[in-house]
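All chains are named by letter (A, B, ...) in the order of the sequence lines, taking the proteins before the strands, and each is independently numbered beginning at 1.
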There are 4 protein chains.
Amino acid sequence: MTGGTAGRVGPRGRIDKRQAILDAAFPVFARRGYADAGVQEIAGEAGVAKPTVYHHFGDKENLFRATMASAADAVLADNLAVIERLRDPGEDLHAALRDVAYRMLRVCCDERSLALRWLTYAQVARFPDLIEVVQGRTAKGLGDALADRLARLSLSGRLRPCDPARAAEQLLALLTAPMEARSGLGIRKVPAAERRAVAEAAVDTFLRAYGTPTGSG
Amino acid sequence: MTGGTAGRVGPRGRIDKRQAILDAAFPVFARRGYADAGVQEIAGEAGVAKPTVYHHFGDKENLFRATMASAADAVLADNLAVIERLRDPGEDLHAALRDVAYRMLRVCCDERSLALRWLTYAQVARFPDLIEVVQGRTAKGLGDALADRLARLSLSGRLRPCDPARAAEQLLALLTAPMEARSGLGIRKVPAAERRAVAEAAVDTFLRAYGTPTGSG
Amino acid sequence: MTGGTAGRVGPRGRIDKRQAILDAAFPVFARRGYADAGVQEIAGEAGVAKPTVYHHFGDKENLFRATMASAADAVLADNLAVIERLRDPGEDLHAALRDVAYRMLRVCCDERSLALRWLTYAQVARFPDLIEVVQGRTAKGLGDALADRLARLSLSGRLRPCDPARAAEQLLALLTAPMEARSGLGIRKVPAAERRAVAEAAVDTFLRAYGTPTGSG
Amino acid sequence: MTGGTAGRVGPRGRIDKRQAILDAAFPVFARRGYADAGVQEIAGEAGVAKPTVYHHFGDKENLFRATMASAADAVLADNLAVIERLRDPGEDLHAALRDVAYRMLRVCCDERSLALRWLTYAQVARFPDLIEVVQGRTAKGLGDALADRLARLSLSGRLRPCDPARAAEQLLALLTAPMEARSGLGIRKVPAAERRAVAEAAVDTFLRAYGTPTGSG
DNA sequence: TATGAATGAGACTTCATTCAT
DNA sequence: GATGAATGAAGTCTCATTCAT
């Protein structure tokens with residue numbers, strides 16, 4: 001009842017504008033790339049004046065870093081939510097994995113995830129430290145969480161004894177790399193059916209290599 | 001017979017300058033990225049004047065496309081040379097695959113390959129058609145050639161019956177994706193031992209999924 | 001009565017801050033020049049926030065004027081103190097003049113005096129009225145006081161009959177102009193010996209033109 | 001006959017534009033001061049585009065330096081032309097000196113000379129090396145030339161034996177310093193009569209100190 | 001009263017591109 | 001065919017100044 005809408009001014013003004021800038025910046029960077037994204041345009045889409053952006057972030061590089069970190073946080077949260085489904089896989093492990101795999105592909109291929117990867121790749125030369133920030137909050141966090149799930153499955157005998165980190169790394173590889181190639185780095189829209197096929201193929205190969213005779217049945 | 005040295009002027013002068021520009025352009029684009037690479041700098045490194053670049057390539061976009069295509073050709077040639085080794089795998093299939101895998105990782109991680117991927121990713125928004133050009137000459141060409149080898153191996157009973165394209169896709173995935181993650185998109189230098197471990201793990205999983213009981217022994 | 005320390009808040013707080021701003025402003029203007037001196041920096045050095053400066057002085061121009069007037073007052077006070085020494089020159093007029101001349105040169109070349117002159121010159125186009133304020137409080141006041149002394153000396157027969165204003169003007173000219181040239185507008189540090197030589201030469205020439213056969217002996 | 005008008009294009013284009021920029025820059029700097037003079041405005045008055053200015057001078061600082069040097073050259077040339085008149089002073093030395101002094105005051109007080117001094121003063125903090133450039137080409141050159149003339153006069157017995165450099169320095173001091181004070185650093189327009197009076201007073205004092213009984217008669 | 005936040009205007013500088021030689 | 005010179009457009013960043021607390 002005390003409100004909380006962004007339009008309010010006052011002590012909340014600062015934090016609201018800061019977040020508004022971050023929210024506006026990511027799509028612009030994603031559209032234009034770092035070098036071609038104008039601070040002017042970002043400010044415009046955020047509904048603030050250009051100097052306000054500089055007031056909050058100092059310069060364009062800083063703004064970019066903050067934007068990327070913010071986006072990476074959001075992407076990781078989505079991915080982790082999907083993986084949670086492996087905590088209780090039910091009786092049919094194959095089906096459960098397939099389901100999670102398919103959902104992960106959807107998350108990995110949504111606009112925001114792809115843009116995040118583009119931008120990271122694109123600016124790796126200019127912002128080498130960005131890799132740690134982004135990878136740490138996406139691939140690494142995702143891999144760790146997945147490895148946790150796989151370790152449990154291995155302990156409970158539903159996967160063969162193995163290094164769960166390696167297994168997680170490879171399952172992710174089987175999912176993301178083909179998807180990346182087929183989607184033309186995200187340019188081509190991959191139909192749901194094909195996405196499902198990729199997930200199925202990845203899980204199939206994964207279980208052939210890591211499954212137990214009885215685990216998936 | 002009148003000479004083919006680059007410095008000479010004459011009938012070859014034009015084509016030589018064109019190639020000199022291409023050769024100079026790729027490192028500059030790789031260092032600075034497309035937007036930050038100045039035509040001035042490229043011309044300077046090629047030893048020509050700026051208008052000469054425009055004379056040959058029309059504009060910066062065209063120059064970029066030509067540069068990327070040229071680099072992609074070179075990368076593909078390197079990769080194909082490696083895969084040729086699978087034409088006669090010898091008795092120990094596991095060892096042969098491991099050897100090829102390791103060599104492919106080396107090729108995929110050299111400076112030129114990485115720069116090519118960076119630039120492609122970075123400019124995918126501005127040059128969507130570049131993906132076809134680059135992927136067609138690298139990933140696709142590589143996948144096709146690898147599928148050919150795997151099909152032969154399957155037919156000869158050393159791999160289980162399978163879709164060779166899918167198998168090739170997954171083998172490449174198991175190789176490149178972990179490598180990409182570990183190398184921090186190429187920023188971190190991955191030691192040879194780790195590269196070897198990635199190759200070994202990939203081949204191991206691949207053969208568990210696609211091998212035959214007698215194929216690799 | 002409740003205290004007059006600067007740090008205290010209360011009735012004196014306002015006037016203290018005002019003076020703190022003035023004291024901080026002059027060195028900043030002197031370092032950077034009017035256009036390049038930022039209100040931000042001045043506020044920072046004064047230990048107040050930017051709007052406080054605007055609260056007290058309205059705008060930058062006003063702040064500049066107030067700062068210059070304050071500095072000019074201080075410089076004039078120093079100069080007048082020196083000239084007072086001519087009130088009772090003693091028996092050796094030459095020596096007394098030489099002594100006063102030397103001291104005046106020292107005052108004219110201290111950091112604050114130079115900065116005041118720089119800034120006046122520099123902003124004469126933008127603040128034409130500043131000249132009256134500054135000159136009125138420095139050169140003019142100094143000339144008048146000196147003329148008074150010289151008139152007395154002329155009346156008492158120690159200088160030949162003359163227009164004391166003109167004599168003062170020329171004595172100051174013989175002192176300041178060579179000094180200005182030699183010091184490179186104050187950039188070069190003039191050694192005390194050279195300063196002394198300039199004073200001696202000025203007084204020598206002055207007494208040749210304005211002295212009486214018996215006046216200086 | 002081959003022409004030489006500024007409007008011509010071709011090989012002469014470069015040098016013409018360069019000079020046009022210099023000629024346009026000085027008045028703008030003089031009007032606005034260094035910081036407030038916009039490269040845009042300078043380019044506009046020179047009839048060229050802004051990048052052309054940067055093409056020729058690199059940056060604003062360089063442009064300023066070149067502009068000041070060019071103006072200093074012109075001012076020195078004017079002053080030297082005046083002093084040449086002392087080469088053959090004629091019978092009435094007093095009259096000759098007075099004439100030269102008056103003409104020098106006119107040169108010293110013309111718009112260009114004053115602007116040159118303003119700008120030098122104003123920017124002495126930011127361009128300390130400018131002082132050498134400007135003073136070297138104006139005050140120093142003028143003092144040397146004047147000293148030469150005075151030395152001749154001393155040798156021929158029309159001035160008493162003296163250090164000509166010191167004499168020149170003091171004559172210039174007696175001329176410029178009062179003028180500077182009276183003109184309010186050039187802001188006030190000094191009437192010709194007053195200028196004449198200053199010259200007369202300076203020469204009078206100078207000859208009292210440096211003349212010989214018969215020299216001026 | 002003193003301040004953090006916000007703004008509108010404008011500065012310098014660089015770049016891709018095109019004439020005229 | 002190759003080049004020095006010139007340009008129009010645009011971008012990042014800073015500053016003096018003013019609300020609203």
- Per atom distances to the B:P51 side chain, the nearest of F:dT7, E:dG8, F:dT3 is F:dT3
- Locate the shortest heavy-atom distance separating C:L130 from C:F64; write the atom from each residue and the value. CD1-CE2, 3.3 Å
- Mind listing the closest non-hydrogen atom pair of A:A72 and A:L116 along with its distance? CA-CD2, 3.6 Å
- Dot-bracket, DNA chain E: Watson-Crick or G-U, under 3.5 angstrom, [ ] crossing, | other strand? .||||||||||||||||||||
- Query: What is the minimum heavy-atom distance between D:A24 and D:I42, and which atoms define it?
  - Reply: CB-O, 3.9 Å
- Query: Between A:R32 (CZ) and F:dA10 (C1'), how many Å, whole number?
  - Reply: 13 Å
- Item | Ring geometry between C:Y34 and C:F127 (parallel below 30°, tilted from 30 to 60°, perpendicular above 60°) | perpendicular
- Nearest-Å distance, CD1 (D:I21) to C1' (F:dA5)? 11 Å
- By nearest nucleotide on DNA chain E, pick out whichever of B:A35 and C:A49 is the more 5' one. C:A49
- Message: Please give me the minimum heavy-atom distance between B:K60 and B:A37, naming the atom from each residue.
- Response: NZ-O, 3.0 Å
- Do the rings of C:Y121 and D:Y121 sit parallel, tilted or perpendicular, given the 30° and 60° boundaries? parallel
- Task: Would you mind reading off the distance between D:N62 atom CG and E:dT13 atom P, rounded to a whole angstrom?
- Result: 10 Å
- Task: Decide yes or no, distance alone: a donor-acceptor N/O pair under 3.5 angstrom between the base of E:dG10 and the side-chain of A:K50.
- Result: yes
- Message: Can you measure A:D59 atom CG to F:dT14 atom P for me and round it to whole angstrom units?
- Response: 8 Å
- Grab the CD-C1' distance between C:E41 and F:dC15 for me, whole Å please. 13 Å
- Map C:Q40 and B:G47 onto DNA chain F by nearest heavy atom, then report which one ends up closer to the 5' terminus. B:G47
- Query: Reckon D:K17 has a side-chain N or O less than 4.0 Å from the OP1 or OP2 of F:dT7?
  - Reply: yes
- Counting only N and O atoms by type, is there a donor-acceptor contact under 3.5 Å from the side chain of B:T67 to the main-chain atoms of B:L63? yes
- Item | Closest approach of C:F26 to C:L119 (non-hydrogen atoms, all atoms of both residues) | CE1-CD1, 4.0 Å
- Taking OP1 and OP2 of F:dT18, is either one under 4.0 Å from a side-chain nitrogen or oxygen of C:H55? no
- Message: From C-beta outward on C:K60, which listed nucleotide comes closest to its side chain: E:dA2, F:dT17, E:dT7?
- Response: F:dT17
- Message: Nearest to the D:V39 side chain among E:dC12, F:dG4, E:dT17, which nucleotide is it?
- Response: E:dC12
- NA contact type, A:A37, heavy-atom cut-off 4.0 Å: base, sugar-phosphate, or nothing? sugar-phosphate
- Item | d(CD1, B:I42; P, E:dA16) in whole Å | 8 Å
- Task: Just compare E:dT7, E:dT17, F:dT3 and give me whichever is closest to any side-chain atom of B:T52.
- Result: F:dT3
- Query: Rounded to whole angstrom units, what separation is found between the NE2 atom of A:H56 and the P atom of F:dT12?
  - Reply: 18 Å
- Most 5' of C:G38 and A:Y54 on DNA chain F, judged by nearest nucleotide: A:Y54
- Item | Atom-pair distance (CZ on D:F57; P on F:dA6), nearest Å | 11 Å
